[in-house]
Asker: 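Sharing a structure, written as structure tokens. Questions coming.
Just so it is clear: chains get the letters A, B, ... in the order the sequence lines come, proteins before strands, and each one is counted from 1.
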Number of protein chains: 4
Amino acid sequence: MTSAAPSSRQGGSARTGRPRSAEADRAILAATREALVELGWPGLTLGDVAARAGVAKTTLYRRWPGKSALVVDAVAALFDERLDLPDLGSLQADIEGVVRQFAALLDRPETKTALMAVVAESTRDDALRERIRTAIVDRQKRLVLLGRERAQARGELPRDTDPVASARTADLIFDVVAGAVVHRTLVSAEPVDTDWARRFAALLLGGLTAATGD
Amino acid sequence: MTSAAPSSRQGGSARTGRPRSAEADRAILAATREALVELGWPGLTLGDVAARAGVAKTTLYRRWPGKSALVVDAVAALFDERLDLPDLGSLQADIEGVVRQFAALLDRPETKTALMAVVAESTRDDALRERIRTAIVDRQKRLVLLGRERAQARGELPRDTDPVASARTADLIFDVVAGAVVHRTLVSAEPVDTDWARRFAALLLGGLTAATGD
Amino acid sequence: MTSAAPSSRQGGSARTGRPRSAEADRAILAATREALVELGWPGLTLGDVAARAGVAKTTLYRRWPGKSALVVDAVAALFDERLDLPDLGSLQADIEGVVRQFAALLDRPETKTALMAVVAESTRDDALRERIRTAIVDRQKRLVLLGRERAQARGELPRDTDPVASARTADLIFDVVAGAVVHRTLVSAEPVDTDWARRFAALLLGGLTAATGD
Amino acid sequence: MTSAAPSSRQGGSARTGRPRSAEADRAILAATREALVELGWPGLTLGDVAARAGVAKTTLYRRWPGKSALVVDAVAALFDERLDLPDLGSLQADIEGVVRQFAALLDRPETKTALMAVVAESTRDDALRERIRTAIVDRQKRLVLLGRERAQARGELPRDTDPVASARTADLIFDVVAGAVVHRTLVSAEPVDTDWARRFAALLLGGLTAATGD
DNA sequence: CAATAACCGAGACGGTACGTCAGGTCTTTTC
DNA sequence: GAAAAGACCTGACGTACCGTCTCGGTTATTG
């Protein structure tokens with residue numbers, strides 16, 4: 001499940017000339033993550049990334065529109081790699097598990113420093129917001145859907161009746177889970193330990209099961 | 001309820017010399033908010049702020065260590081002004097109310113663009129993180145405490161028994177509420193409308209009342 | 001007789017990449033002289049020079065280490081242009097001529113204000129002193145050598161026997177002539193008029209012819 | 001023969017109020033020389049001088065109009081102290097002696113770095129030029145006059161007949177001697193050793209005795 | 001001996017230039 | 001025609017020093 005490709009050539013009929021090096025793409029994204037670890041978002045410069053990747057700055061600008069988009073692509077791969085939903089036997093356990101995975105991901109220096117920054121930029125850049133949505137947000141909503149399916153199969157949650165309400169609830173849950181973990185980790189700057197994960201999962205689970213009707 | 005003063009002179013024994021102009025502080029913070037509205041976080045420069053405030057750049061650097069800290073102070077005042085917790089008769093209504101207030105605050109151009117940016121910077125700057133905590137986070141936790149008190153008075157929530165657990169729960173709720181609203185607004189980039197607020201409040205309320213013990 | 005080029009790329013093997021604009025060099029040096037005329041040495045700023053030359057400040061710093069070095073190069077060209085030694089028929093006349101030329105040069109606003117300033121800076125900056133020596137001092141010693149040759153051809157001075165002593169004497173004469181004119185013009189702040197030039201030339205000529213041996 | 005007092009109160013009728021501290025004057029001038037030695041002219045700042053002297057910057061500005069004037073006063077005292085004209089028995093020896101004294105003075109870090117700088121500034125500041133003239137130049141012309149008197153007493157030079165021509169010649173000699181030594185020391189940056197002093201004195205002496213008429 | 005006037009230290013103030021750095025673009029030569 | 005190299009323009013950065021100002025407080029002379 002390879003993550004987002006960089007912006008492919010826009011013009012349709014491009015066949016002639018030297019082809020773009022695929023190796024360069026990998027090197028650039030790896031260099032970006034590496035630089036992010038060492039320097040953090042504010043210290044990361046495209047010139048430095050280019051130098052680490054053994055690539056000219058020009059090449060970099062030919063493929064990404066700027067620093068933010070590059071970082072989104074570099075970080076998105078980590079989300080695919082690091083987040084999954086192993087079946088832990090109960091919805092409570094599954095929630096705890098994904099919460100702790102997500103917290104661990106946010107604790108990595110690459111993501112910790114970069115995620116809020118690109119979100120901040122995205123408030124003024126629609127293309128960037130769209131890139132974040134497709135490369136990160138929408139891809140990870142699968143976890144919510146999968147978790148609910150399993151819980152329904154186990155009988156922990158009722159079957160969906162209205163598909164529209166179902167989708168809205170999934171979005172709500174995603175915002176609550178992701179938002180709470182991000183806020184705990186980056187704003188409150190407190191650890192997401194076993195205790196917190198358990199208490200958060202209990203709160204969420206209580207809310208989900210209490211809301212019989214709506 | 002005046003919000004955080006800028007970094008006062010660190011040396012304790014400061015009585016001599018020309019005193020700092022209090023007028024300048026006000027002008028600088030106002031200019032910062034104004035510039036934030038017009039230019040957004042990335043476009044905001046300290047030189048421009050100084051010019052708008054009719055103040056020299058050096059004056060600005062004498063009082064704040066940098067752009068981020070200044071913005072935190074400038075924005076913190078808005079949180080004090082814009083967030084309160086009028087008694088709407090029920091916990092559900094109180095939650096809905098504060099959620100919508102907070103969402104409205106995050107929709108203002110000053111905060112939308114700046115808040116995530118300073119949080120991003122704070123991941124690499126302990127002093128900045130501390131400033132955010134004292135100027136914004138800790139101050140707004142009062143809303144959670146007040147809401148719970150009222151709900152307890154109404155009999156909607158049980159009385160606290162263990163003060164330690166009580167404090168931990170307050171923190172959890174704060175992370176959930178603030179995180180969910182921020183994520184909905186800035187990451188998912190969807191509106192916090194009446195419906196969402198109602199459904200979120202119901203979810204949270206369910207979780208709170210379901211968790212009898214713990 | 002084009003004067004000193006600015007500091008060329010230090011690394012030897014530079015062939016690739018965009019070459020430095022030769023046009024920029026000319027524009028910068030011209031702008032420097034122009035700014036020097038209008039603002040004088042203390043008022044001259046590199047930012048202003050860059051703006052006049054239609055060039056970025058960085059371009060300027062890429063080629064010169066600072067204000068002083070730039071001014072040396074800018075002024076050196078004037079020395080090449082403005083000083084020569086037309087054959088006026090006698091050593092006395094030749095000395096008078098070059099003295100008045102030099103005084104006229106020192107009376108120009110570009111040189112008057114800048115020359116002493118860079119010499120002052122050079123007392124603490126070896127690289128600058130070396131630049132002054134190669135770009136100005138050594139180049140103008142040619143005038144002394146040429147004048148002596150002519151005088152010898154006319155029989156006004158004896159032929160050199162010892163080349164070492166000859167060089168030392170040339171240096172001495174250069175210091176005396178240049179030093180006296182500079183001191184008269186800038187320190188005593190009195191004009192180098194016909195009378196002064198004639199009396200100075202007579203003094204020097206007397207010294208030269210009196211010293212038969214060494 | 002105490003050298004120039006700093007600018008006294010301009011208003012005539014000042015008698016009342018606290019008088020200016022004479023101690024401060026001494027401390028400031030000493031601090032100036034000290035800072036000049038350590039930092040050189042370009043690195044010397046009035047704030048630093050004030051701190052060294054244990055004095056407020058205000059006090060300093062109350063007495064001198066700026067950096068240059070202060071330095072002139074600080075340096076002028078050295079000229080008085082370090083230059084004299086002991087009778088060495090012949091005009092040649094006297095010239096050599098004063099030349100070497102002057103060169104030694106110019107080799108001190110205070111003077112080396114400061115002298116050209118204030119001269120440079122004086123080209124744009126008439127008050128400063130006047131201060132240099134009265135505090136330094138005119139005071140040291142005494143050496144020329146004294147040397148000539150002695151040489152006349154010894155019979156090495158003819159008695160003056162025309163007082164006007166006599167004064168003009170003294171000025172010329174002063175420019176030649178001071179100029180040559182300054183140029184040798186600061187521009188050519190070569191040492192004024194025994195040999196150079198002897199050859200220079202010989203040249204000058206030759207010029208003086210050759211010029212019978214005129 | 002009180003009033004007054006000028007001094008003093010400290011340090012904040014508005015300015016201005018500094019030299020550096022990053023973002024992007026453009027121009028070469030090489031592959 | 002893409003790639004590497006590197007010069008280019010733009011514009012902000014944070015610092016330093018300038019010379020002025022505003023404080024609280026300290027000497028002197030004058031009344």
Asker: How many whole angstroms separate atom CD of C/Glu23 from atom C1' of F/dC8?
Answerer: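 My rounded result for the distance is 14 Å.
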Asker: Looking at DNA chain E, which of residues 36-50 of chain C put a heavy atom within less than 4.0 Å of it?
Answerer: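 By residue number: C/Thr45, C/Leu46, C/Gly47.
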Asker: Starting at CZ of C/Arg62 and ending at C1' of E/dG19, how long is that distance when rounded to a whole Å?
Answerer: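 About 14 Å, once rounded to whole Å.
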Asker: Test of understanding: with side chain to side chain donor-acceptor pair (under 3.5 Å), list the residues that count as partners of C/Glu23, not counting sequence neighbours.
Answerer: C/Arg26
Asker: Using a 4.5 Å cut-off on heavy atoms from C-beta on, say whether the side chain of C/Leu115 contacts that of C/Val71.
Answerer: no
Asker: With sequence neighbours left out, write down each residue that passes side chain to side chain contact (heavy atoms under 4.5 Å, CB included) with B/Ala50, or none if nothing qualifies.
Answerer: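 For B/Ala50, the residues satisfying side chain to side chain contact (heavy atoms under 4.5 Å, CB included) (neighbours in sequence not counted) are B/Lys57, B/Leu60.
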Asker: Any donor-acceptor pair under 3.5 Å linking the side chain of C/Thr123 with the backbone of C/Ala120?
Answerer: yes
Asker: Are any of the side-chain heavy atoms of B/Ser21 and B/Val55 separated by less than 4.5 Å?
Answerer: no
Asker: Measure from NZ on B/Lys67 to C1' on E/dA22 and round the result to the nearest Å.
Answerer: 13 Å
Asker: Taking only residues two or more places apart in sequence, or in another chain, which ones meet B/Ala56 in a side chain to side chain contact (heavy atoms under 4.5 Å, CB included)?
Answerer: B/Thr58, B/Thr59
Asker: Calculate the interatomic distance between D/Arg63 atom CZ and E/dC8 atom P; express it in whole Å.
Answerer: 4 Å
Asker: Who pairs with A/Ala69 by side chain to side chain contact (heavy atoms under 4.5 Å, CB included), at least two apart in sequence or on another chain?
Answerer: A/Trp64, A/Pro65, A/Arg131
Asker: Restricting to pairs with a member in residues 111-122 of chain A, which pass salt bridge (charged side-chain N to carboxylate O under 4.0 Å, His left out), not counting sequence neighbours?
Answerer: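 As it turns out, the salt bridge (charged side-chain N to carboxylate O under 4.0 Å, His left out) pairs with a partner in residues 111-122 of chain A, which skip direct neighbours, are A/Asp107-A/Lys112.
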Asker: Under 3.5 Å, which N/O atoms of the protein pair with N/O atoms of nucleotides 25-28 of chain E?
Answerer:
residue: E/dC26; atom: O2; partner: C/Arg18; partner atom: NH1; Å: 3.1

Asker: Could you tell me whether C/Gly66 contacts a base, only the sugar-phosphate backbone, or nothing, with contacts defined as non-hydrogen atoms closer than 4.0 Å?
Answerer: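 Nothing: the residue C/Gly66, judged by heavy atoms under 4.0 Å, touches no strand.
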Asker: Return each pair, listed once, that meets side chain to side chain donor-acceptor pair (under 3.5 Å) where at least one residue sits in residues 29-43 of chain D; pairs must be two or more places apart or across chains.
Answerer: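 Qualifying pairs: D/Glu34-D/Arg52, D/Glu38-D/Arg52.
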Asker: Assign each of A/Thr59 and C/Ser21 to its nearest nucleotide of DNA chain F by heavy atoms, then name whichever residue's nucleotide is nearer the 5' end.
Answerer: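 Closer to the 5' end of DNA chain F: A/Thr59.
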Asker: Starting at CD of A/Glu121 and ending at C1' of E/dA22, how long is that distance when rounded to a whole Å?
Answerer: 13 Å
Asker: When the distance from CZ of C/Arg20 to P of F/dC8 is rounded to whole Å, what number comes out?
Answerer: 7 Å
Asker: What is the separation between atom CG on C/Leu60 and atom P on F/dC8, rounded to the nearest whole Å?
Answerer: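 In whole Å, F/dC8 P and C/Leu60 CG are 10 Å from each other.
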